[in-house]
Enquirer: 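Take a look at the following structure, please.
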Amino acid sequence: MDLPSEKPLKIHLVNSTESPEFTHLTQSLTRSSIIGLDAEWKPIRGQTHQPTFPTVSLLQLACQLGHDSDESETFLLDLHSVPLPSIWELLRETFVSPDILKLGFKFKQDLVYLSSTFCLQGCDPGFDKVEPYLDITSIYYQMQHKQQGRKGPKETKSLATICKEVLGISLSKELQCSDWSHRPLTEEQKTYAATDAHCLLKIFSVFQDNIVKKGNSSNDMVELHSSGVNLGLKEILEKHDIDDKIIRIKYSEASHIFQATVSSENCQRIAEVDVAVSRTSSRNTMPMNESLLKIVRKYGEKILLRESDRKPKAARKKAKKHSSLVAVTREKQLDNTGDWQGPPPWDLSLGGDGCPKFLCDVMIEGLAKHLRCVGVDAAIPSSKKPESRELLDQAYREQRVLLTRDAKLLRHQYLIKNQIYRVKNLLKNEQLLEVIETFQLQINEDQLMSRCTKCNGRFIQKPLTTEEAVEAAKGFQRIPDCLFNKNLEFWQCMECNQLYWEPSPYNSQKQHECIEHLRWQLALDIRYSDHSLKYRAENEMGQGAYETIDLYQYRIDIIQTSL
């Protein structure tokens with residue numbers, strides 16, 4: 001069987017903003033939804049008196065053109081030749097464009113060096129953020145472990161190792177430590193730099209195809225097995241006698257994906273019409289398609305440089321003296337970041353149904369029971385130990401506001417806008433009050449005890465008699481004997497079948513008068529500790545009764561009886 005026709009790896013060296021290559025770069029960025037990023041610099045040899053970051057000499061941008069196209073072009077941005085202030089705005093916009101997914105391999109270090117290089121040329125504050133971003137190491141982790149349905153260690157592997165395992169291609173890294181500040185760059189250096197960025201697109205393509213084909217729900221590992229050979233890249237490199245230095249190909253089915261050959265002459269063959277395009281016009285980027293948007297929403301990350309990241313290691317040690325002050329400042333910043341801005345996803349102006357819905361993470365699951373007692377839809381995570389992405393995905397899927405005490409979750413606010421709120425209070429009663437006031441929830445008598453505190457389900461429309469309740473409770477719930485002689489109404493959850501009852505038909509006027517008290521005390525009054533309730537329950541209903549009753553229902557009975 002013949003291999004499909006191979007497309008050459010198009011490499012464009014950009015060494016001037018007046019060149020057709022630069023115009024072609026700006027046009028390609030407007031047509032790209034995915035770009036691979038990499039940088040090269042001359043290593044610093046030996047010890048220097050003043051700690052500094054290396055100066056980045058070359059920035060590689062591999063652009064995948066179009067949504068469903070395999071066409072891509074790789075640009076080598078020569079930072080020694082191009083005036084940095086003239087490209088700073090272009091790169092800064094690209095790094096934070098929501099329409100472009102940025103791929104990289106441990107790119108945070110590259111960004112630190114890149115930002116330092118631009119700052120030295122007067123482009124202060126350089127670069128401080130890249131989003132949306134996806135690291136190749138995270139992709140590798142997802143393919144090798146997540147799809148097996150288990151949590152594996154996040155192994156630290158080189159790009160060459162990942163390429164070999166995922167694409168079946170061995171990359172030589174001999175030129176990594178070459179002198180990238182020397183001009184002109186050799187053909188071998190150009191090929192090495194372009195290949196490093198281009199392979200990021202191909203690895204992501206494998207990941208994306210795997211998600212699309214298997215619906216991101218398969219537990220099978222990505223299969224890599226031999227069934228062919230792709231010698232396109234090696235053959236073209238043999239013409240330059242550099243095949244042993246740059247790349248070695250092995251038999252692999254995955255190598256069909258990596259169809260790349262090098263044609264350095266492409267740098268000279270840019271359409272003349274590109275020159276006529278204005279370089280100062282505003283760029284209209286192409287929005288992501290739905291498939292890519294789902295991947296970004298589920299797996300997307302962002303790189304955010306802190307002030308300490310901008311200092312070399314020796315300078316960081318001196319800065320440790322001020323660590324306590326920095327910690328306090330950061331905590332204040334997080335508090336401000338967590339302030340609710342709205343509108344929530346249930347808002348009518350956004351097409352919502354007007355019914356508030358929350359998701360309480362594991363740190364504040366008790367708040368969920370409080371909210372349910374006053375009739376508010378409050379869910380808890382689907383799993384006992386959810387990852388951040390699982391929480392975000394559940395909140396987005398169910399159109400809920402995620403309530404949390406975890407400040408780290410606020411870093412993902414850009415993924416689900418206006419759907420994360422950091423609860424500031426520690427006590428459950430105060431947390432309930434905070435949520436009601438923050439989201440301006442309207443609590444009335446009809447909502448009280450309208451939801452199951454156990455599972456968040458709704459009650460059946462018609463109450464049960466004592467006989468019906470006894471029959472319904474067989475096997476999983478005990479009804480105290482002291483309730484049999486009372487004329488009570490029982491309510492059953494339609495989801496989990498849990499039974500609830502009122503201690504006696506109390507006056508509706510009194511309920512109205514006590515609504516403010518019930519709003520805060522109904523779920524869990526701090527006066528009724530578990531120890532006190534256990535003692536009281538066993539005195540009333542006998543030894544062991546505490547283990548069989550619904551603790552929240554029993555607490556509510558006591559509170560209502562005392563009103």
Side-chain angles (χ1 to χ4, degrees), residues 346 353-362 364-384 386 394-395 397-403 428-429 431-432 435-436 439 441-480 483 488-506 511 515 518-525 528 530 533 537 545-561:
W346 60 76
D353 57 7
C355 298
K357 294 194 296 184
F358 297 96
L359 172 64
C360 300
D361 74 356
V362 292
I364 53 173
E365 279 191 10
L367 176 59
K369 295 182 182 294
H370 284 57
L371 289 167
R372 292 168 186 172
C373 278
V374 294
V376 178
D377 187 344
I380 59 175
S382 304
S383 58
K384 292 184 178 179
Q394 183 179 350
R397 185 176 62 253
E398 300 175 5
Q399 290 298 289
R400 299 179 180 273
V401 169
L402 174 59
L403 301 178
K428 298 297 181 290
N429 287 349
Q431 289 177 348
L432 178 62
V435 171
I436 290 178
F439 294 92
L441 304 181
Q442 300 298 321
I443 308 298
N444 54 55
E445 292 91 337
D446 294 335
Q447 289 179 258
L448 295 178
M449 293 306 300
S450 62
R451 285 190 174 274
C452 176
T453 58
K454 184 177 180 180
C455 75
N456 196 41
R458 288 284 190 177
F459 294 133
I460 57 175
Q461 297 298 316
K462 182 181 178 181
L464 303 178
T465 64
T466 303
E467 292 75 16
E468 291 172 333
V470 171
E471 184 66 26
K474 283 183 179 179
F476 75 97
Q477 187 177 0
R478 175 187 172 184
I479 298 178
L483 300 180
L488 301 181
E489 290 184 342
F490 292 80
W491 300 88
Q492 188 173 32
C493 175
M494 293 187 291
E495 299 294 332
C496 68
N497 297 324
Q498 181 74 26
L499 287 167
Y500 297 83
W501 57 88
E502 296 178 359
S504 61
Y506 53 90
Q511 181 187 19
I515 182 66
L518 285 174
R519 182 183 296 174
W520 317 127
Q521 303 296 340
L522 191 57
L524 177 59
D525 193 295
Y528 303 107
D530 289 354
L533 289 175
Y546 178 78
E547 304 297 332
T548 62
I549 64 173
D550 184 327
L551 177 61
Y552 285 90
Q553 174 66 46
Y554 187 61
R555 182 180 281 110
I556 290 167
D557 291 347
I558 297 172
I559 295 172
Q560 290 181 338
T561 303

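We number each residue from 1, following the sequence as shown. These numbers come from the heavy atoms of this one structure, side chains and all, not from hydrogens, waters or symmetry mates. Just so it is clear, the model here is predicted, and its values are computed rather than measured.
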Enquirer: If I compare all heavy atoms of Lys428 with all of Gly366, which pair ends up nearest, and what's the gap?
Expert: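 Closest heavy-atom pair between Lys428 and Gly366: CE-CA, 3.8 Å.
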Enquirer: Side chains of Arg400 and Asp377: closer than 4.5 Å at any heavy-atom pair?
Expert: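 They are in contact (side-chain heavy atoms under 4.5 Å apart), so the answer is yes.
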Enquirer: According to side-chain contact (heavy atoms from CB on, under 4.5 Å), who are the partners of Ser383, at least two apart in sequence or on a separate chain?
Expert: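 Ser383 satisfies side-chain contact (heavy atoms from CB on, under 4.5 Å) with Pro386, Glu390 once adjacent residues are dropped.
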Enquirer: Given side chains that start at C-beta, do those of Arg451 and Val376 come closer than 4.5 Å, heavy atoms only?
Expert: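 No. Closest side-chain heavy atoms not under 4.5 Å.
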Enquirer: Could you tell me which non-hydrogen atom of Leu371 sits nearest to which non-hydrogen atom of Cys360, and how far apart they are?
Expert: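 The pair with the smallest heavy-atom distance is CD1-SG, 4.2 Å.
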Enquirer: Leu367 versus Leu403: any side-chain heavy-atom pair under 4.5 Å?
Expert: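 In contact.
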Enquirer: Say whether, by atom type as modelled, one donor and one acceptor occur between the side chain of Glu468 and the main chain of Thr465 under 3.5 angstrom.
Expert: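 The answer is yes, because a donor-acceptor pair under 3.5 Å joins these two groups.
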Enquirer: Looking at Cys496 and Lys454, what are the two nearest heavy atoms and their distance?
Expert: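 Scanning both residues completely, I find the closest heavy atoms to be SG-CD, 4.1 Å.
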Enquirer: Answer yes or no: is there a side-chain heavy-atom contact under 4.5 Å between Trp346 and Pro356?
Expert: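 Touching, per the 4.5 Å side-chain cut-off.
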Enquirer: I want to know whether Tyr500 and Phe459 have ring centres closer than 6.0 Å.
Expert: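 Ring-ring flag for Tyr500/Phe459: true, centres closer than 6.0 Å.
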Enquirer: Taking all heavy atoms of Glu495 and all of Cys455, pick out the closest pair and write down the distance.
Expert: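 That closest heavy-atom pairing would be CB-SG, 3.6 Å.
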Enquirer: For the backbone of Ser382 and the side chain of Gln394, can you confirm whether one donor and one acceptor N or O come within less than 3.5 Å of each other?
Expert: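 At least one qualifying donor-acceptor pair exists.
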Enquirer: Under a 4.5 Å cut-off applied to non-hydrogen side-chain atoms, are Ile364 and Gln431 in contact?
Expert: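 Yes. Closest side-chain heavy atoms under 4.5 Å.
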Enquirer: Tell me whether Gln492 contacts the main-chain N or O of Leu499 through its side chain, where contact means a donor paired with an acceptor under 3.5 Å.
Expert: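 Looks like no, no N/O pair under 3.5 Å.
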Enquirer: Sequence neighbours excluded, which residues qualify as side-chain contact (heavy atoms from CB on, under 4.5 Å) partners of Ile380?
Expert: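 Scan of Ile380 (side-chain contact (heavy atoms from CB on, under 4.5 Å), adjacent residues dropped) gives Glu365, Ala368, Arg372.
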Enquirer: How many angstroms lie between atom NZ of Lys369 and atom CG of Leu432, to the nearest 0.5 angstrom?
Expert: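 Answer for the NZ-CG pair, Lys369 versus Leu432, is 14.0 Å.
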Enquirer: Does the side chain of Ile436 reach to within under 4.5 Å of the side chain of Ile443, using non-hydrogen atoms?
Expert: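 Sidechains of Ile443 and Ile436: in contact.
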Enquirer: Ser450 vs Arg458, test: side-chain contact (heavy atoms from CB on, under 4.5 Å). Steps then yes/no.
Expert: CA-CA 7 Å; Ser450 62; Arg458 288 284 190 177; 3.7 Å; yes
Enquirer: Looking at every non-hydrogen atom in both residues, tell me the closest pair between Cys373 and Thr453 and how far apart they are.
Expert: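 Closest approach of Cys373 to Thr453, heavy atoms only: SG-CG2, 3.2 Å.
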